[in-house]
Amino acid sequence: MEADKRALRREILAVRDGLGKDERIRKSSLIRERLLTHPAFLQADCILSYVNYGSEIQTRSLLEICLRDGKPVYCPRVRGKEMDFYGIDSVSELEAGFHGIWEPPEREERLYRPRKGTLMIMPGVVFDRHRHRIGYGGGYYDRYLHGREDIVTVALAFSVQIRENIPSGPHDIRPRIILTECGEIT
């Protein structure tokens, strides 16, 4: 199964990387607007969100909107095999970290502590119609979300990242909702 996941990951990353910059920006904007009007987002009191890297859906403007509107924002920071989320007051606080991905500074007083009304915006490489997800292969989100069913999870993806069925294992965490520029998968 791992070999199948690696092959599919390579294939979809090549397709996603092949989207033109203008197309990625346009589709990211459509997905952002879909998220901003979604009940899961509107009901959220706190946002945990990845910071886009490479050809991922753009999230920086989303983070800025959340901060402007007074929703606390926490972004991931990787330490070894673990990931924690730290609060930010501005996207300008982010710094290049693990694999060059933008991360917040590690400040104990800004560490996310579980609370009601939390929405996590998840990245991923490929998804299917049953909400299975293949990430980048490190298992960070699966480990972080294990036992945290109270966090509502929304994955953002371009429609080219959706397949009918993908391989998945018992430890793979499925997002509750997947939003693309074409619609929603629940």
Exercise. Calculate, to the nearest 0.5 Å, the distance between atoms CG and CZ belonging to Leu36 and Arg34 respectively.
Key: 12.0 Å
Practice problem: Would you mind reporting whether Val152 and Thr118 have side-chain heavy atoms less than 4.5 Å apart? | Solution: no
Practice problem: Only pairs at least two apart or in different chains count here, so list each side chain to side chain donor-acceptor pair (under 3.5 Å) that has a residue in residues 41-52. | Solution: Asn52-Gln58, Asn52-Thr59
Practice problem: Before giving the answer on side-chain contact (heavy atoms from CB on, under 4.5 Å), spell out for Ile47 and Ile121 the whole-Å C-alpha distance, their side-chain angles and the decisive distance to 0.1 Å. | Solution: CA-CA 7 Å; Ile47 305 296; Ile121 301 166; 3.8 Å; yes
Quiz item: Is there a side-chain contact between Ile88 and Leu94, using heavy atoms and a 4.5 Å cut-off?
Solution: yes
Self-check item: salt bridge (Lys or Arg N to Asp or Glu O under 4.0 Å): pairs with one or both residues in residues 111-120, sequence neighbours excluded
Solution: Glu108-Arg113
Quiz prompt | Smallest separation among heavy atoms of Gly124 and Arg16, with atom names | solution = O-NH1, 3.4 Å
Quiz item: Is a side-chain donor or acceptor of Arg24 paired with a backbone partner of Leu19 at a separation under 3.5 angstrom?
Solution: yes
Quiz item: How would you list, by chain and number, every residue that makes a ring pair (Phe, Tyr, Trp, His ring centres under 6.0 Å) with Phe85, sequence neighbours excluded?
Solution: Tyr144
Practice problem: Give the cluster check for Ile101 versus Ile57: same hydrophobic cluster or not, with ILVMFWY residues linked at side-chain heavy-atom distances below 4.5 Å. | Solution: no
Quiz item: If you draw a 6.0 Å radius around NE2 in His130, do more than 12 non-hydrogen atoms from other residues or ligands fall strictly inside?
Solution: yes
Self-check item: Sequence neighbours excluded, every pair satisfying salt bridge (Lys or Arg N to Asp or Glu O under 4.0 Å) that has a member inside residues 83-105
Solution: Arg77-Glu95, Arg77-Glu103, Arg79-Asp84, Asp89-Arg110, Glu93-Arg107
Quiz item: Which heavy atom of His132 sits nearest a heavy atom of Ser168, and at what distance?
Solution: CD2-OG, 3.3 Å
Exercise. Mind listing the closest non-hydrogen atom pair of Cys46 and Tyr112 along with its distance?
Key: SG-CE1, 3.9 Å
Exercise. Over all heavy atoms of both residues, which pair between Val51 and Glu56 is shortest? Give the atoms and the distance, please.
Key: O-OE1, 3.9 Å
Self-check item: Residue pairs, two or more places apart or on separate chains, that pass salt bridge (Lys or Arg N to Asp or Glu O under 4.0 Å) and touch residues 144-156
Solution: none
Self-check item: Remaining members of the apolar cluster that contains Leu8, side-chain heavy atoms under 4.5 Å
Solution: Ile12, Leu13, Val125, Val126, Ile134, Tyr136, Ile166
Practice problem: Measure across Ile31 and Ala157 and return the closest heavy-atom pair with its distance rounded to 0.1 Å. | Solution: CD1-O, 3.3 Å
Quiz item: Who else is in Ile162's hydrophobic cluster (ILVMFWY, side-chain heavy atoms under 4.5 Å, direct or via others)?
Solution: Phe127, Ile178, Ile185
Quiz prompt | Donor-acceptor contact below 3.5 Å, side chain Asp128 vs main chain Arg163 | solution = no
Quiz item: Within a strict 4.5 Å, meaning less than it, do heavy atoms of the Leu145 and Met120 side chains meet?
Solution: yes
Quiz item: Do Ile151 and Leu35 share a hydrophobic cluster (ILVMFWY, side-chain heavy atoms under 4.5 Å, transitive)?
Solution: yes
Self-check item: Selection residues 170-186 - residue pairs positive for salt bridge (Lys or Arg N to Asp or Glu O under 4.0 Å), sequence neighbours left out
Solution: Lys5-Asp172, Lys27-Glu181
Quiz item: In chain order, what residues pass the side chain to side chain donor-acceptor pair (under 3.5 Å) check against Thr37, with sequence neighbours excluded?
Solution: none
Quiz item: Has the side chain of His38 got a donor or acceptor atom that lies under 3.5 Å from a matching backbone atom of Ala40?
Solution: yes
All N/O donor-acceptor pairs, side-chain side in residues 61-75, below 3.5 Å, sequence neighbours left out:
residue: Ser61; atom: OG; partner: Arg32; partner atom: NH1; Å: 2.8
residue: Lys71; atom: NZ; partner: Phe41; partner atom: O; Å: 2.9
residue: Lys71; atom: NZ; partner: Ala44; partner atom: O; Å: 2.4

Quiz item: Are Met122 and Val154 side-chain neighbours, meaning at least one heavy-atom pair lies under 4.5 Å?
Solution: no
Self-check item: Verdict with supporting geometry, Arg143 and Met83, side-chain contact (heavy atoms from CB on, under 4.5 Å)
Solution: CA-CA 8 Å; Arg143 282 191 299 279; Met83 176 177 73; over 6 Å; no
Quiz prompt | Set of residues satisfying ring pair (Phe, Tyr, Trp, His ring centres under 6.0 Å) with respect to Phe98, sequence neighbours excluded | solution = Tyr140
Quiz item: Okay, side chain of Arg133, backbone of Asp142: is any donor-acceptor separation there less than 3.5 Å?
Solution: no
Quiz item: How many angstroms lie between CG in Leu179 and OG in Ser159, if you round to the nearest 0.5 Å?
Solution: 12.5 Å
Quiz prompt | For Arg10, all residues meeting salt bridge (Lys or Arg N to Asp or Glu O under 4.0 Å), sequence neighbours excluded | solution = none
Exercise. Ignoring hydrogens and angles, tell me if any N or O in the side chain of Gln161 forms a donor-acceptor pair with the backbone of Phe158 under 3.5 Å.
Key: yes
Quiz prompt | Flag for Thr153-Tyr141: side-chain donor and acceptor within less than 3.5 Å | solution = no
